[in-house]
Amino acid sequence: MTTEPSARPFLVGLVGVGVGPSLTPALHMAEAKAHGLDYLYRTVDLREIGVAPERIGEVLTWARALGFDALNVTHPCKQLVIPHLDDVDAAAATLGAVNTVVFDGPRTVGYNTDAPGFATGFAEGLPGAATADVVMLGAGGAGTAVGHALLGLGAGHLTVVDVDVDRATALAGELSARHPEARVDAADFDKLAVLLSHADGVVHCTPTGMADHPGLPFEETLLHPGLWVADIVYRPLDTALLIAARRAGCRTLDGGHMAVHQATTAFHLITGFAPDAARMSRHFRDLVS
């Protein structure tokens with residue numbers, strides 16, 4: 001832990017639509033305080049200020065002029081921001097999405113901390129879990145990051161399931177091209193009963209289970225003790241899916257692990273300071289509760 005304050009303050013923002021309730025500012029500022037950093041983190045809700053997401057390039061210009069050190073970028077700007085950056089980290093380029101922009105001198109550099117956030121959280125929360133055969137629900141932006149993370153963790157066979165089979169097929173093709181050593185398939189929801197009967201685990205990457213989208217993404221009867229279940233939803237931490245999974249005897253991983261570890265990676269990119277992940281996790285869970 002740093003005992004002396006940083007020589008300069010940090011000004012950071014979260015840009016997107018509907019970012020007001022985000023826990024990220026409080027999480028970052030609490031960790032910065034523990035390091036003795038002067039660190040201010042503000043939300044910038046584009047809808048509230050009447051700025052279209054397509055103007056994210058102008059937002060970057062304004063942020064630099066106002067002295068921001070970095071921006072976290074969320075829906076719907078993760079893809080829109082890329083053409084306005086001077087450089088994009090290789091992992092973010094692979095995902096086609098940026099969620100952290102650092103103003104590095106005269107350059108703007110984009111990163112994506114979602115995939116490493118899930119990978120680190122998975123290793124932390126489900127150590128030793130088998131990944132020979134994994135099912136992933138959701139082929140959107142979150143599913144893209146999680147899919148890359150799962151294959152990077154050594155998943156041998158990944159099946160992407162989405163209500164939009166064309167979208168699942170497109171993501172499966174992209175993942176397969178990036179990870180030729182693995183088998184990646186696409187399927188629709190009516191195949192879940194067969195898929196889950198022999199899978200090692202399932203990762204849920206859709207909004208179902210969030211406070212404003214309550215419910216289960218599939219029938220509870222498909223759960224069995226030989227299956228581990230991971231959910232990336234973190235508000236609430238105990239989603240209906242995870243409650244049902246524990247009832248069925250499954251090992252589970254809540255969305256807080258990914259949320260914390262994508263934040264720890266971003267914090268390090270922004271400040272250069274190594275965060276205390278355990279401390280950030282405790283604070284995050286206090287905030288959620």
Side-chain angles (χ1 to χ4, degrees), residues 14-19 21-24 53 72-82 91-100 110-122 125-126 134-153 155 158-175 178-179 184 186-187 189 201-213 215-218 228-237 239-242 252-266 284 288:
L14 173 62
V15 178
V17 171
V19 296
S22 173
L23 302 179
T24 303
N72 281 138
V73 180
T74 190
H75 176 80
C77 299
K78 289 185 179 182
Q79 291 81 34
L80 294 171
V81 74
I82 292 177
T94 296
L95 293 171
V98 161
N99 73 346
T100 303
Y111 302 89
N112 190 299
T113 68
D114 289 331
F118 179 83
T120 303
F122 185 89
L126 286 173
V134 180
V135 176
M136 182 177 73
L137 307 185
T144 301
V146 170
H148 278 283
L150 287 166
L151 292 166
L153 287 166
L158 177 67
T159 305
V160 182
V161 177
D162 197 279
V163 291
D164 184 339
V165 182
D166 289 339
R167 184 165 74 161
T169 301
L171 178 56
E174 175 193 323
L175 292 172
R178 296 285 183 179
H179 300 273
V184 186
F189 268 84
V202 57
V203 187
H204 173 238
C205 303
T206 85
T208 303
M210 293 175 65
D212 52 352
H213 296 279
L216 285 165
F218 55 83
W228 54 257
V229 179
D231 201 333
I232 70 165
V233 172
Y234 65 84
R235 299 186 83 175
L237 278 174
T239 61
L241 175 60
L242 294 184
T252 62
L253 179 77
D254 65 56
H257 292 271
M258 178 178 177
V260 167
H261 287 292
Q262 69 86 14
T264 62
T265 304
F284 175 84
V288 172

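All heavy atoms count here, side chains included; hydrogens, waters and symmetry mates do not. For clarity, every value in this text was computed on a predicted model and none was experimentally measured.
Without hydrogens or angle criteria, N112 side chain to A97 main chain gives a donor-acceptor distance under 3.5 Å. The main-chain N or O of N99 is found under 3.5 Å from a side-chain atom of N72 such that the two form a donor-acceptor pair. Of the possible polar contacts, one joining the D162 side chain to the A139 backbone as a donor-acceptor pair under 3.5 Å is found.
Looking only at side-chain heavy atoms (C-beta outward), T144 and K78 stay at 4.5 Å or farther from each other. Using a 4.5 Å heavy-atom cutoff, the side chains of V233 and H213 are not in contact. By the 4.5 Å heavy-atom criterion applied to side chains, F189 and V161 are counted as neighbours. By the 4.5 Å heavy-atom criterion applied to side chains, H179 and V184 are not counted as neighbours. Between D114 and L95 there is no side-chain heavy-atom pair separated by less than 4.5 Å. Put simply, the side chain of L137 reaches to within 4.5 Å of the side chain of F218, judged on heavy atoms. Side-chain contact check for F122 versus V146: every heavy-atom pair is 4.5 Å or farther apart. The side-chain heavy atoms of V203 and W228, taken from C-beta on, include a pair separated by under 4.5 Å.
Between I232 and A142, the closest heavy-atom pair is CD1-CB, 3.4 Å. Between A266 and T113, the closest heavy-atom pair is N-CG2, 3.9 Å. Among all heavy-atom pairs drawn from E174 and T94, the shortest one is OE2-O, 3.8 Å. Residues G209 and P236 approach most closely at O-CD, 3.4 Å, considering heavy atoms. Considering every non-hydrogen atom in both L253 and G125, the closest pair reads CD1-CA, 3.5 Å. Here the closest heavy-atom approach between residue F284 and residue G256 is recorded as CE2-CA, 3.5 Å.
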TODO: Start with the C-alpha distance between M136 and L171, add both sets of side-chain angles, then the distance that settles side-chain contact (heavy atoms from CB on, under 4.5 Å), and finish with yes or no.
DONE: CA-CA 11 Å; M136 182 177 73; L171 178 56; 4.0 Å; yes

Open item on the list: Run H204 and T239 through side-chain contact (heavy atoms from CB on, under 4.5 Å) and show every step you take.
Closed with: CA-CA 11 Å; H204 173 238; T239 61; over 6 Å; no

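For the atom pair CG (D254) and CG (L237), the distance works out to 4.5 Å, reported to the nearest 0.5 Å.
Within a 6.0 Å sphere centred on NE2 of H75, heavy atoms belonging to other residues, nucleotides or ligands number 12 at most.
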